[in-house]
Amino acid sequence: AQSVSQHNHHVILSEAASLELGCNYSYGGTVNLFWYVQYPGQHLQLLLKYFSGDPLVKGIKGFEAEFIKSKFSFNLRKPSVQWSDTAEYFCAVKNTGFQKLVFGTGTRLLVSP
Amino acid sequence: DAGVIQSPRHEVTEMGQEVTLRCKPISGHNSLFWYRQTMMRGLELLIYFNNNVPIDDSGMPEDRFSAKMPNASFSTLKIQPSEPRDSAVYFCASSSTGGGYEQYFGPGTRLTVT
């Protein structure tokens, strides 16, 4: 069964610092990959997604992620974080052709001003 | 579009009572998902429907939980009887196969069982 690992459970950064959140998945076949963000007290919103093509995906709010198939990874990056990026970030994976998303356990990011 | 609509937003009930959570998916979406989020277990998929038919209910914790989707614009998740360990935020999400399976989440229902 598909599984998703997010190794960083809590990350604390100062404003303007660079961010990289790790995400690894287990299934070796063709996958679709997603990063969702959940701001405090709100629902999950899609940051970016990868289906095919350029493995470097750009999303909203300056976020990007790189799909590295050989490493089963889809790490999220942002060159300079802002206080408003404080949120929980979830990586999710689904096998192509299927609808079920498997979520990681999430990473709580705290950005101090 | 109003997005995925869930009601109620907050529910406080006593142990043993029946709880019904409601969801209206985005118009035109043909898949609907129910998730539960807790601090201990994170985000768990409970059940999902495709074209109103339950496809995978392996995440439903036990027989006290049931879900229905009588038509394309409405779904319910029922807990009977409720227990304190059911306290969580329950999210509904919908997606469209034509939209690349991206799931759109509702605002959630925060359930507290005392």
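A note on names: the letters A, B, ... follow the listed sequences, proteins ahead of strands, and every chain is numbered from 1.
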* Asked: Does a side-chain N-to-carboxylate-O contact under 4.0 Å join Arg85(B) and Glu62(B)?
  -> yes
* Asked: Side chain, backbone, both or neither: which part of Leu44(A) has a non-hydrogen atom closer than 4.5 Å to chain B?
  -> both
* **Aromatic ring proximity, centroids under 6.0 angstrom, Phe103(A) and Phe34(A)** => no
* Structure fact -> Distance col, row Tyr90(B):OH vs Glu44(B):CD, nearest 0.5 angstrom, shows 8.5 Å
* Structure fact -> The interface call for Gln38(A) against chain B, heavy-atom contacts under 4.5 Å, is side chain
* Taking Ala93(B), Gly108(B), Gly106(B) one by one, which has the highest count of heavy-atom pairs under 4.5 Å against chain A? -> Gly106(B)
* Structure fact -> Of the listed Lys100(A), Glu88(A), Gln45(A), the one with the largest count of heavy-atom pairs under 4.5 Å with chain B is Lys100(A)
* Asked: Where does Gln37(B) contact chain A at under 4.5 Å (heavy atoms): side chain, backbone, both or neither?
  -> side chain
* Asked: Using 4.0 Å as the upper bound for N to carboxylate O, is an ion pair formed by Arg110(B) and Glu11(B)?
  -> no
* To do: Determine, for Lys78(A) against Glu64(A), whether the closest basic-nitrogen to carboxylate-oxygen distance falls under 4.0 angstrom.
  => no
